[in-house]
Amino acid sequence: ATADQKVREAIAKCIDFDSLAMVGTAGTGTKAMSYASANTPYFNGIVTDEDRVQDIEGAKALLAEAGYADGLDLVILGTQDSVPTYTVIQECCRQAGINLEIQTPDIPSFVGAAFGGEYDVIVVGDWFVNRNPSIVCFLQQANIDSGFVIGGPKVTTPEIDAMIQEIIKAEDTETGKAKLAELETVMKEQAIQYDLYPEMKAYVIPADLKGVSTIERGFADITTLYK
């Protein structure tokens, strides 16, 4: 069903992004308005406050246009630590008639299901190397038969893949920011991806331990620690 853009747009309209950000960041952060965090030079603000307003009636109308006036059953795949945020998304979708089943298998099964595309909706954390902190992304399955991302060929096309490579190869900040804006615009217009909120990480360390840093997926980089 999420191959239909109207369904993807309806899901976005369902979500109360402010409430979701409060749960996802324990009240310390706000909803994301760009793929890059607002405290980085790559912030574009492609998404506006108007885009983030919950619109249940609008979602219902889009679902009806897509042929799901009587409701829709979807699966959202995640891990146990994602249940709080998934529950918010689930309740928001329920208001529009979307029954979102939360599936949280063990980690090996989750990885297999994620890369095998066994879901309709998934939330993943992106790590944009040193350009911006991790952002939790809301991905709708696009069922596009080319390219590769977690979950298989769902939210990418040769055009999008090429745009990503241009961002990576950008030789200066302004060029990278402009090229990222182009990609974000495509994602927004096609309702493929919705950034939710800055991902939060917390660490408890001895007071005399220095050089604390993290690597992808939030693991501590033990090679930099010293006293």
Colleague: Does CG belonging to D70 count more than 12 external heavy atoms closer than 6.0 Å?
Modeller: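 Counting neighbours around CG of D70, 12 or fewer heavy atoms of other residues, nucleotides or ligands fall under 6.0 Å, so no.
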Colleague: Do any N or O atoms from the side chain of D4 and from the backbone of A1 form a donor-acceptor pair under 3.5 angstrom?
Modeller: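 No, because the side chain of D4 does not come within donor-acceptor range (under 3.5 Å) of the backbone of A1.
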Colleague: Any side-chain heavy-atom pair from V75 and I102 closer than 4.5 angstrom?
Modeller: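 When only atoms from C-beta onward are counted, I102 and V75 do not touch, as no gap falls below 4.5 Å.
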Colleague: Looking at every non-hydrogen atom in both residues, tell me the closest pair between I167 and G176 and how far apart they are.
Modeller: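 For I167 versus G176, the nearest heavy atoms are CG2-O, 4.4 Å.
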Colleague: Side chains of L100 and I89, heavy atoms from C-beta outward: is any pair under 4.5 Å?
Modeller: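 Counting from C-beta outward, L100 and I89 do come under 4.5 Å.
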Colleague: Would you say V123 ends up clustered with V83 if hydrophobic residues are merged whenever their side chains have heavy atoms under 4.5 Å apart, either directly or through other cluster members?
Modeller: no
Colleague: Contact between S34 and V47 at the side-chain level, heavy atoms closer than 4.5 Å - yes or no?
Modeller: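 A side-chain contact is absent here, since even the closest heavy-atom pair is not under 4.5 Å.
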Colleague: For D106 versus P108, what's the shortest heavy-atom pair and its separation?
Modeller: OD1-CD, 3.1 Å
Colleague: Quick one: does Q54's side chain have a donor or acceptor within less than 3.5 Å of a partner on C92's backbone?
Modeller: no
Colleague: Do I76 and I122 have side chains that approach each other closer than 4.5 Å (heavy atoms only, starting at C-beta)?
Modeller: no
Colleague: Backbone N or O of A32 within a donor-acceptor pair of the R52 side chain at under 3.5 Å?
Modeller: yes
Colleague: Measure the shortest side-chain to side-chain distance between Y68 and I98 over non-hydrogen atoms and say whether it is less than 4.5 angstrom.
Modeller: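 Heavy-atom side-chain distance check fails, nothing below 4.5 Å.
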Colleague: Does K188, at its NZ atom, have more than 12 non-hydrogen atoms belonging to other residues, nucleotides or ligands within less than 6.0 Å?
Modeller: yes
Colleague: What I'd like to find out is whether the side chain of F110 reaches to under 4.5 Å of the side chain of Q103, using heavy atoms alone.
Modeller: no
Colleague: Identify whether the distance between the nearest side-chain nitrogen and carboxylate oxygen of K179 and E182 falls below 4.0 Å.
Modeller: no
Colleague: Run the salt-bridge test on E9 and K6 with the 4.0 Å N-O cut-off and return the result as yes or no.
Modeller: no
Colleague: Please determine if K177 and E174 form a salt bridge, counting it only when a charged side-chain N lies under 4.0 Å from a carboxylate O.
Modeller: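 Judged by the 4.0 Å cut-off on N to carboxylate O distance, K177 and E174 do not form a salt bridge.
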Colleague: Between the side chain of T85 and the main-chain N/O of S82, is any donor-acceptor distance below 3.5 Å?
Modeller: yes
Colleague: Hey, any chance Y86 and I15 share a hydrophobic cluster, counting ILVMFWY side chains that come within less than 4.5 Å of each other, even indirectly?
Modeller: yes
Colleague: Measuring only between side-chain heavy atoms, which start at C-beta, is I56 closer than 4.5 Å to K13?
Modeller: no
Colleague: For Q193 and D195, which I'm curious about, is there any donor-acceptor pair between the side chains at under 3.5 Å?
Modeller: yes
Colleague: Please give me the minimum heavy-atom distance between A207 and K210, naming the atom from each residue.
Modeller: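 Smallest heavy-atom distance, with atoms named: O-NZ, 3.7 Å.
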Colleague: Any side-chain heavy-atom pair from L72 and N99 closer than 4.5 angstrom?
Modeller: no
Colleague: Between CD of Q95 and CD of E57, what distance do you get to the nearest 0.5 Å?
Modeller: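 If I round to the nearest 0.5 Å, the distance is 10.0 Å.
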Colleague: Between A96 and L63, which heavy-atom pair has the shortest distance, and what is it?
Modeller: O-CD1, 3.5 Å
Colleague: Determine, for D49 against K31, whether the closest basic-nitrogen to carboxylate-oxygen distance falls under 4.0 angstrom.
Modeller: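 Yes, this pair counts.
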Colleague: Which heavy atom in P84 sits nearest to a heavy atom in D81, and how many Å separate them?
Modeller: CD-O, 3.7 Å
Colleague: What heavy-atom pair brings A59 and A10 nearest, and what distance separates the two atoms?
Modeller: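 Minimum heavy-atom separation between A59 and A10: CB-O, 3.5 Å.
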